[in-house]
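Both counts, for ligands and for their atoms, begin at 1 and track the order of listing. Keep in mind that this is a model prediction, so the values were computed, not measured. Only heavy atoms go into these numbers, but all of them, side chains included; no hydrogens, no water, no symmetry mates.
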Amino acid sequence: MSNKHLTPIRHILREQGLRAPAIDLALILDRVSLAARRIARELTSAALTGELGYTGTTNVQGEQVKKLDTWANSLMVELFGDGYPVCTLISEEMEQPVHLEANCHERSYAVLFDPIDGSSNTDVDGPLGTIFAVRRRAPRHDAAPADILTAGAEQVMAGYVLYGPSTMLIYTAGAGVSAFSLDRSVGEFLLWRDRIVMPQHGSTYAVNEANYNAWHQGARNLVDHLSSHEDPKAHHSLRYAGSFAADFHRCLLEGGIYMYPSEVTAEGKSSGKLRMLYEAAPMAMVAEQARGRASNGKSRILELVPARIHERTPLYIGSAEEVALAERLGAED
Ligand code: AHG
Ligand code: MN
Ligand code: MN
């Protein structure tokens, strides 16, 4: 059977060994795919339609909100509100979860998302992403998200969209990682790569190195090691796009490591920048499903249980060898 014309929905309906019924996941992937196509279209014309720039407000994270953050968040809320099977939405851009009572059934799901990842790139035509994760809601749950605050290993599907020269949709539902590229002429994502395996070792690292002096010594040692010229085999090049989705995508395909260490402040240590539920944990599932790794510097990301929906974590993610090196050098000790 040819794989050439497989859309994400047809692809997931053929998969075996999924963590939730394929039909439910297909319905969710259908919404992600439509959101991605709408966002991709909006991004191509945003400069001319006045959609670039800031709204003038800050979000729950204390970050300045871009018009595109708000627009994409509203779009995703609208699309998942359409009906079964998603009854809870958690987003970087919303302080509280959205509870869609009409969609709550015996089997229903929460979708957790970062509508626009890499917002600093919107106004300079840089790469952007959308990150998403899907978790089951417990039977007879109420509006509170207590049953969603579990380890990332509980995720049933996760992935991201990368808005670069091509728009790519990458997902895993526990049976490997697949990538689809948007054919704009017909408006469909079509399978590009199936069962992606991340190289065990790569030649690049991605980090905001301007924060070097604020890191723990272990994280500095890691970057010193990766950038050292003493051992040609250990030497990596630096590639940093400022969008986690874009930087992770390079790791997925070519190996290497993306990191966002915590910073040592006068009051002690901060907890990093990236958010566990809709940035770190979904990408950790993709990484592990591609035989890569994701760690907070000490422990496997997918085993950590967040206490709050917007909890942050330090993150070291990518090739198994580089992530092991980060732990060995005590990046967060
Ligand atoms: P977001 O735009 O969703 O807030 O995420 C930005 C994240 C991530 O995409 C990126 O790797 C990192 O923040 C960039 O942060 P710095 O500007 O501190 O490097
Ligand atoms: Mn983000
Ligand atoms: Mn964002």
Side-chain angles (χ1 to χ4, degrees), residues 32 35-36 39 42-43 46 51-55 57-77 89-95 111-133 158-164 170 204-215 219 223 238-252 256-265 270-284 286-287 294 296 301 309-318:
V32 172
I39 293 170
E42 191 75 7
L43 293 177
E51 278 304 305
L52 298 183
Y54 293 92
T55 59
T57 57
T58 51
N59 65 12
V60 58
Q61 333 274 345
E63 298 160 345
Q64 290 192 306
V65 177
K66 292 275 179 77
K67 288 183 200 169
L68 284 165
D69 290 322
T70 305
W71 179 85
N73 186 68
S74 303
L75 172 72
M76 292 184 78
V77 171
L89 297 171
I90 288 177
S91 161
E92 175 185 329
E93 302 302 338
M94 303 189 295
E95 186 164 3
V111 175
L112 307 96
F113 57 92
D114 174 0
I116 298 284
D117 171 67
S119 296
S120 77
N121 286 348
T122 56
D123 298 358
V124 296
D125 212 22
L128 297 162
T130 296
I131 305 174
F132 69 96
Y160 61 95
V161 180
L162 173 59
Y163 309 97
I170 285 78
T204 59
Y205 69 99
V207 69
N208 185 342
E209 212 162 325
N211 295 329
Y212 182 93
N213 288 314
W215 298 336
V223 163
L238 170 62
R239 294 285 183 272
Y240 192 62
S243 160
F244 179 27
D247 287 316
F248 176 81
H249 196 64
R250 181 188 290 275
C251 296
L252 177 69
I257 185 168
Y258 168 96
M259 61 190 114
Y260 211 107
S262 68
E263 292 171 16
V264 184
T265 61
S270 84
S271 48
K273 177 176 184 186
L274 298 185
R275 282 58 53 118
M276 178 64 91
L277 284 179
Y278 43 81
E279 291 180 316
M283 294 304 223
V286 175
N296 69 352
I301 287 287
I309 62 171
H310 296 295
E311 187 164 307
R312 296 173 189 262
T313 177
L315 181 64
Y316 300 81
I317 186 168

Exercise. Are Y163 and I39 side-chain neighbours, meaning at least one heavy-atom pair lies under 4.5 Å?
Worked result: yes
Exercise. Do the ring planes of F248 and F244 sit parallel (below 30°), tilted (30 to 60°) or perpendicular (above 60°)?
Worked result: perpendicular
For this session: Measure the distances from the heavy atoms of I131 to every atom of ligand 1 and state whether one is below 4.0 angstrom.
Result: no
For this session: Would you name the N/O/S atom of D117 that lies closest to the Mn ion (ligand 2)?
Result: OD1
Problem set entry | Option set Y260, Y278, F248, Y258, criterion heavy-atom distance to atom 18 (O) of ligand 1, minimum | Y260
Problem set entry | Identity of the N, O or S atom of D114 lying closest to the Mn ion (ligand 3) | OD1
For this session: Please work out whether any backbone atom (N, CA, C, O) or any side-chain heavy atom from C-beta onward of K273 is under 4.0 Å from ligand 1, and answer side chain, backbone, both or neither.
Result: side chain
Seminar exercise, completed: Within 4.0 Å of some non-hydrogen atom of D114, the atoms of ligand 1 are 3 (O)
For this session: Answer whether the closest heavy-atom distance between the side chains of I116 and K66 falls below 4.5 Å.
Result: no
Exercise. Does ligand 1 have any atom that is closer than 4.0 Å to a heavy atom of R275?
Worked result: yes
For this session: Could you pull out the atom name of the N/O/S atom in E92 that is nearest the Mn ion (ligand 3)?
Result: OE1
Exercise. Of R275, E92, E93, which is the lone residue that meets side chain to side chain donor-acceptor pair (under 3.5 Å) with Q61?
Worked result: R275
Problem set entry | Under-4.0 Å heavy-atom contact with ligand 1, by part of L274 that carries it | side chain
Problem set entry | Flag side-chain contact, heavy atom, 4.5 Å: R250 against Y258 | no
For this session: Take every heavy atom of S120, measure it against each atom of ligand 1, and state whether any distance is under 4.0 Å.
Result: no
For this session: Report the part of D117 (side chain from C-beta onward, or backbone N, CA, C, O) that has a heavy atom under 4.0 Å from ligand 1; answer both or neither where that applies.
Result: both
Problem set entry | Closest protein heavy atom to atom 1 (P) of ligand 1, given as residue, atom name and distance to 0.1 Å | G118 N, 3.7 Å
For this session: Look at ligand 1 and say whether E279 reaches it with a heavy atom at a distance under 4.0 Å.
Result: yes
Exercise. Would the number of heavy atoms belonging to other residues, nucleotides or ligands and lying under 6.0 Å from CG of N211 be above 12?
Worked result: yes
Exercise. Do P314 and P261 touch side chain to side chain, with heavy atoms closer than 4.5 Å?
Worked result: no
Exercise. Is the Mn ion (ligand 3) less than 2.8 Å from an N/O/S atom of I116, whether that atom is in the backbone or a side chain?
Worked result: yes
Exercise. Do the non-hydrogen side-chain atoms of M76 and T130 ever get within less than 4.5 Å of each other?
Worked result: yes
Exercise. Nearest non-hydrogen atom to atom 10 (C) of ligand 1 belongs to which of A246, P115, G242?
Worked result: G242
For this session: Please identify which atoms of ligand 1 are closer than 4.0 Å to at least one heavy atom of S119.
Result: 2 (O)
Seminar exercise, completed: N208 heavy atoms within 4.0 Å reach ligand 1 at atoms 16 (P), 18 (O), 19 (O)
Exercise. Would a 4.5 Å heavy-atom cut-off, applied to side chains only, mark L75 and E42 as touching?
Worked result: no
For this session: Would you kindly say whether D69 and S119 are connected by a side-chain donor-acceptor distance under 3.5 Å?
Result: yes
Problem set entry | Minimum side-chain heavy-atom gap V207-V223 below 4.5 Å | yes
Problem set entry | Atoms of ligand 1, numbered as shown, that sit under 4.0 Å from any heavy atom of F244 | 8 (C), 9 (O), 10 (C), 11 (O)
Problem set entry | ligand 1 atoms in contact with E63 (distance to a heavy atom under 4.0 Å) | 4 (O)
For this session: Kindly give the heavy-atom pair with the smallest separation between A133 and L277, and that separation in Å.
Result: CB-O, 4.1 Å
For this session: Specify the protein heavy atom at minimum distance from atom 19 (O) of ligand 1: its residue, its atom name, and the distance to 0.1 Å.
Result: Y240 OH, 2.5 Å
Exercise. If you count the atoms of ligand 1 from 1 in the order shown, which ones are under 4.0 Å from a heavy atom of I116?
Worked result: 2 (O), 3 (O)
Exercise. Looking at the Mn ion (ligand 2), which N/O/S atom of E279 is the nearest one?
Worked result: OE2
For this session: For residues E263 and W215, determine if any side-chain heavy atom of one lies less than 4.5 Å from a side-chain heavy atom of the other.
Result: yes
Exercise. Should the pair H310 and Y278 be assigned to parallel (<30°), tilted (30 to 60°) or perpendicular (>60°) ring geometry?
Worked result: perpendicular
Exercise. Under 4.0 Å from ligand 1, counting heavy atoms only, is it the side chain of S243, its backbone, both or neither?
Worked result: backbone
